[in-house]
Structures are given as C-alpha cells and as structure tokens.
Amino acid sequence: MEQQQPLDDLFAQRLAKLQALRDRGIDPYAPERFDRTHLATEILAQFDALSESGETVAVCGRIVSLRVMGKASFLHLEDVSGRVQVYLKLDAIGAEQFALLEYIDIGDFLGVTGTVFRTRTGEITVQAARFEILAKALRPLPIGKQKGDEQWYGLQDVEQRYRQRYLDLVVNPWSRATLLKRIQVTREIRRFLEDRGFLEVETPVLQPLAGGAAARPFITFHNALDTHLHLRISLELYLKRLVVGNLEKVFEMSKVFRNEGISPRHNPEYTLLEVYQAYTDLDGIMELTEQLVYHVVCAVAGGPTFTYAGHQIDVTPPWPRVPMMARLEECAGVTRADFATLESAREAGRRLGLPMEEEHSIGGIIDKIFEKACEPGLIQPTFVVDHPLELSPLAKKKPGDPWLTRRFEAFLGAQEVANAFSELNDPLDQRERFEAQQAMARAGDQEAHPYDEDFLRALEHGMPPTGGLGIGVDRLAALITDVPSLRDVILFPQLRPEK
RNA sequence: GCGCCCGUAGCUCAGCUGGCAGAGCAGCGGACUCUUAAUCCGUUUGUCGAAGGUUCGAAUCCUUCCGGGCGCACCA
C-alpha cells in the first residue's frame, strides 16, 4: 500500500489517462449505476426485433477488445452473459465523446446507449449514440485475442490464475465455465435436498474437539475463553446431536479443515456435504445418494453421463453393491483370514509390494490394500459395502457379523465420492469404540478419533435409527467437470503466501 | 517432508554446447468513418525469480534460497 517504488510505465500511462479524463471533468470512478436494458447475449438473441423497432438499448461491461480508427472505432464489451460488439462513429457520438477514446483502454468498464444493427461483415453490433466510462482499469488485462474457437496469448501461468483468479475468470472462458459448473453443483445439491424436506443447518466451525473423521486438525486459540479450539474436520457429530434433538432430516454443506498436505486431490479447506435422515438405514441412504448424484449430473452435465479422464461415466441408478472383502479377494487375492492378526495383515500387504513399516492397525492395512488394488478399477459408480469395524468407529455393526459394519463408500472415476453408514446410536457401544480409538492414539495414531464425552451424553439421551452420508463436493465437481485438479473447481485454492 | 521439472518485457514465448537480452501481441506517436488476431508507418519497455560462486565475460555452468507444477508419503 505505502510502497513508494516507481510505478511501471503501463501503470503510469494509465494514471495519466485517468488524470486527463478528470481534467475534462470526467471522473471514471464517480458513476454509481448504469441501467442497462439488455445483456450482451440478449442483444444477439433479440436482434431481429431490436433492429426492426430501432429502439434504444443500453449495454455495459468490460472492454475486451478495442480497434480505434481515425473517425470510427469498434470494441467488444463483455458482461456476465457474454460479448457484444460496439461501434463508435464520430458522426454519431460527436467530437467531444470521440476524443475521449484516447483515454480508454482494454479492461475499462463502459456503458453504451445506442441502436442495434448488423455490420457489413455480419456481426450484430450496438451503434453508440453515447457512452459513459463506468470505471477505469489502471493495470493491463492479460486478455488473449480470439478468432472463432482459436485463442491467442491469454493467461497461462498457473500460479497467477490461482492467486489472481479474477483475471482467470475474465480471460479464460474454459476456466470460468468450469467454476460456474462447480457453483451449479452446490446449488443443485441444495435444491435436491430442500425439495425432499431436509433442513440446511449450520454447526460450529470452532470446536473443543474435532471429531467425526480421521484427520489432523488445525488448532487455534480463543483469547477471551483462554482456550484452544479446533477447526472442524467433519460435520458429523454436531449433525447427529441435531437428530437427537428430533430434527430428523438435516444437512450441512460447508467448509471443513484438515491439516495435511496439499495436492491436486487435497486442499486444506474443502467443502463437505453431510446428510442425516432419521428412521432410514444404509440402503435408504444408498438410494438417496444415487438419486442425488443422478440429479446433480443431469442438471450440470445435461444428462446422466459425463466424461472423466477419457472414461464415459453413467450415474443412472441403481449402482452395483459389492462387499469390500469380496472385492479385496477378487482384485488382491486376500481374505479375512489374512487380517486375523496385525502381523499376518502386514505380511499380506508386503506380498502386494506395499510398505508396511508405518502400519500399526489392521484396518489401516485393509484400507491401504483396497486403495491400491481395488480403487483404480472402480470407474463406473459402485457402492462398496461392509467395511471392517476397526475402520468405522461411528457405524453400526453388521448384524450377524460384528467384524464388519453397516457402511458404504461410493466410488466414481476411481475416486471415493461418498461415505455413509447406518449411524451407531448405541451409547455403550460408541463408548467402547472411543476407548478403542484412544488405545490407537496411545499407540501413536495421530488421526485416531478423539474421545468425545459430550457426544456420548447426547447419544445417551437417545438417537433414533439414522442413516448418514458424506460427500466431498469439490471432488464430485472435479469429476463432473473433467478436470485433473481440485484447484480448478475451487475459486481460491490454498497456496503458499507470497514473499 | 522427499524426488523430478519449471521461473526471460504487461501477456504468450524464443534465446540456455558461456560472448551486445529477442519476437509477436499489448503500450506509446502517426495514418485510417463497417473493423473484428483490424491494417500500415515509426517506437519504448527487462533486478533474465533472489543471493552467492566459477569465469576475462553468466539469462546460460555450480550452490543455496523463494515461488509454482507433477509424482511419492498423509488424506477426502
């Protein structure tokens, strides 16, 4: 802000233009509103009627191209809908306005009033009767030039695209389209759930204990309370408290925070959807999940199929259900007997060429083997069901087989997009699970679930049978939009701070 | 955290077996009243990511650091 470094030439030139405008009594930052009659694409769509009636239209937007000639000029204005060409002719706008063109640049905002016509070369164009500078840009817009589908120059630098996303949005239509689709994904999720009577709720981001998932939290400090607080890593435990409170059908779609590495598949803060429905079970949640994803894909992709990484993926329900252990035997040749003891489990992992030195839990080994051996093949939507108890401290045990739980993970494009279970509502069992997690924590597992006495108290007041669902919204959006990195569907992905 | 790759003008990029830092676009000046990658004439622009080293001489070679991308690890 207070930097006294000499401004570079481009900036100085534009400051001079700003001053020149002000010297003529025009302050580009003075206008507060411009009442447009049509968006750019509306001009194009309604051309016949507009040109026939000869009515006056008013359009506004950012200048994205500018071709100045001696006594006539063309430019393109871009607004939220698209682009429309504007024709400025000396005879039509007068010498005084025409002279102002000298102080206008690509990137400035302009409001134009005029009539609609078609140029000799066929482009629908607004011929200006007058124009108004609505705001000036002091820095250059790194916009490419465009002819048909081809694009020259533009903004390629990945870091700049993420740090200065506003430039990416102005300059790269494909990036804007992707991000708008991501916004559409969250909107359609809300619409789907609200239409089915789910209440959208907000629960604490700052929590005394961060539970509901296996992950390392961010820890912050509250001065007045003189206490450390954790940024939430999931939404689960507070939403279940609301089910205890008879809200029955709730969801939250909001940020959670995990203190882990950053990669194309991981952002430290990401958008998680969690849904809880009382009086339904895992199978009810499977149907809900299928219908939800089907609805979102149809709305965003225009039909039940989309392409991801070269695969055509069809999300039309129903999706196949496969038990986790059966799948493991199929693609890794391991059975439950291999997981009888920690040592035999490690041995099974080593047979498959996986490093096992760090592994200290059977569940962790099962998870790792599944991830390496089975996930790559799960391209079409698939429910993997019946996860081992050790991996699932918040899920009900499977009746008749307490080694397993009533849980599923939904895979799509070889990625886990949903995780759900019949929620454990037995407070005594839940207490035992927390104790087991505590033992794992003592054994060195930094991501073991914390012992949450307050949550147990809520369960002890009684929670109805409930099905719960979690969906990583960013990953779902990345799949539907066929982008390789989460950063492409997050407006401002996390980067190391500059300097 | 580890490994590999990248960083040159406002933008997109050449230059990299060491020898005067370049092109197109943007900008600036001029011509041009239907252009559209406007065209034509002229022209400016650099801490070559930073610091140090080798060398008569470094954008180029070496070291360290900063920032980014990808892979691995952790995870969703």
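Every heavy atom of this structure was used, including side-chain atoms; hydrogens, water molecules and symmetry mates were not. Throughout, protein chains are lettered first and strands after them, A, B, ... in sequence-line order, and every chain is numbered starting at 1.
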Counting the atoms with a prime plus P, OP1 and OP2 as sugar-phosphate, which does [X] contact under 4.0 Å by heavy atoms, base, sugar-phosphate, or nothing?
X        : result
A:Leu495 : sugar-phosphate
A:Gln156 : sugar-phosphate
A:Ala214 : sugar-phosphate
A:Leu155 : sugar-phosphate
A:Thr119 : base
A:Asn267 : base
A:Glu447 : sugar-phosphate
A:Val68  : base
A:Gly472 : nothing
A:Lys255 : nothing

(request) Compare every heavy atom of A:Ser392 with every heavy atom of A:His387, then report the nearest pair and how far apart it is. (result) CB-OG, 3.8 Å
Gap between atoms [atom1] and [atom2], on [X] and [N] respectively (whole Å):
X        : N      : atom1 : atom2 : answer
A:Leu66  : B:rU39 : CG    : C1'   : 15 Å
A:Tyr162 : B:rG69 : OH    : P     : 7 Å
A:Leu88  : B:rC32 : CG    : P     : 18 Å
A:Phe11  : B:rG10 : CZ    : P     : 14 Å
A:Gln164 : B:rG67 : CD    : P     : 17 Å
A:Gln13  : B:rU45 : CD    : C1'   : 9 Å
A:Leu138 : B:rG10 : CG    : C1'   : 14 Å
A:Gln85  : B:rU35 : CD    : C1'   : 7 Å

Choosing from [options], which nucleotide comes nearest the side chain of [X]?
X        : options                : answer
A:Phe117 : B:rG68, B:rG27, B:rC34 : B:rC34
A:Pro142 : B:rC11, B:rC34, B:rC28 : B:rC11
A:Ala72  : B:rU33, B:rC34, B:rG68 : B:rU33
A:Tyr87  : B:rC70, B:rC34, B:rG10 : B:rC34
A:Asp157 : B:rC74, B:rC70, B:rU12 : B:rU12

(message) Let me confirm one number: the CG-OG distance from A:Asn419 to A:Ser234, rounded to the nearest 0.5 Å.
(response) 10.5 Å
(message) With rounding to the nearest 0.5 angstrom, report the CD to CD distance, A:Glu252 to A:Glu236.
(response) 12.5 Å
(request) Indicate whether the side chain of A:Gln164 and that of A:Asp168 have a donor and an acceptor atom separated by less than 3.5 Å. (result) no
(message) Checking side-chain polar atoms at under 3.5 Å, does A:Ser254 have a donor or acceptor matched by the opposite partner on A:Arg232?
(response) yes
Distance below 4.0 Å between [X] side-chain N/O and [N] OP1 or OP2:
X        : N      : result
A:Gln160 : B:rG67 : no
A:Arg67  : B:rU35 : no
A:Arg258 : B:rC74 : no
A:Lys71  : B:rC34 : no
A:Lys17  : B:rG27 : no
A:Arg487 : B:rG69 : yes
A:Lys89  : B:rC32 : no
A:Arg161 : B:rC11 : no
A:Arg265 : B:rC74 : no

Pairwise [atom1] distance, [M] and [N] [rounded to whole Å]:
N      : M      : atom1 : value
B:rA21 : B:rG57 : C1'   : 15 Å
B:rC5  : B:rG49 : C1'   : 16 Å
B:rC16 : B:rG22 : C1'   : 14 Å
B:rC11 : B:rG52 : P     : 26 Å
B:rA59 : B:rU8  : C1'   : 7 Å
B:rC62 : B:rU44 : P     : 35 Å
B:rC56 : B:rC41 : C1'   : 43 Å

(message) Using only atom types and a distance under 3.5 Å, with no angle test, would you say the side chain of A:Gln97 pairs donor to acceptor with the backbone of A:Arg130?
(response) no
(message) Any side-chain to backbone donor/acceptor pair from A:Arg182 onto A:Thr178? Under 3.5 Å, distance only.
(response) no
Partner lookup for [N], please. Criteria are Watson-Crick or G-U wobble with both distances under 3.5 angstrom; report none if nothing qualifies.
N      : value
B:rA31 : B:rU39
B:rA58 : none
B:rC65 : B:rG49
B:rG71 : B:rC2
B:rC20 : none

(request) Tell me which of A:Thr125 and A:Ser65 sits closer to the 5' end of RNA chain B, going by the nucleotide each one is nearest to. (result) A:Thr125
(message) Need to verify one output field. Residue with the more 5' nearest nucleotide on RNA chain B, A:Asp91 or A:Glu102?
(response) A:Glu102
(message) Within the 4.5 Å heavy-atom criterion, are A:Cys60 and A:Glu132 side-chain neighbours or not?
(response) no
(message) Quick one, A:Ser65 and A:Glu78 - any side-chain contact, counting heavy atoms below 4.5 Å?
(response) no
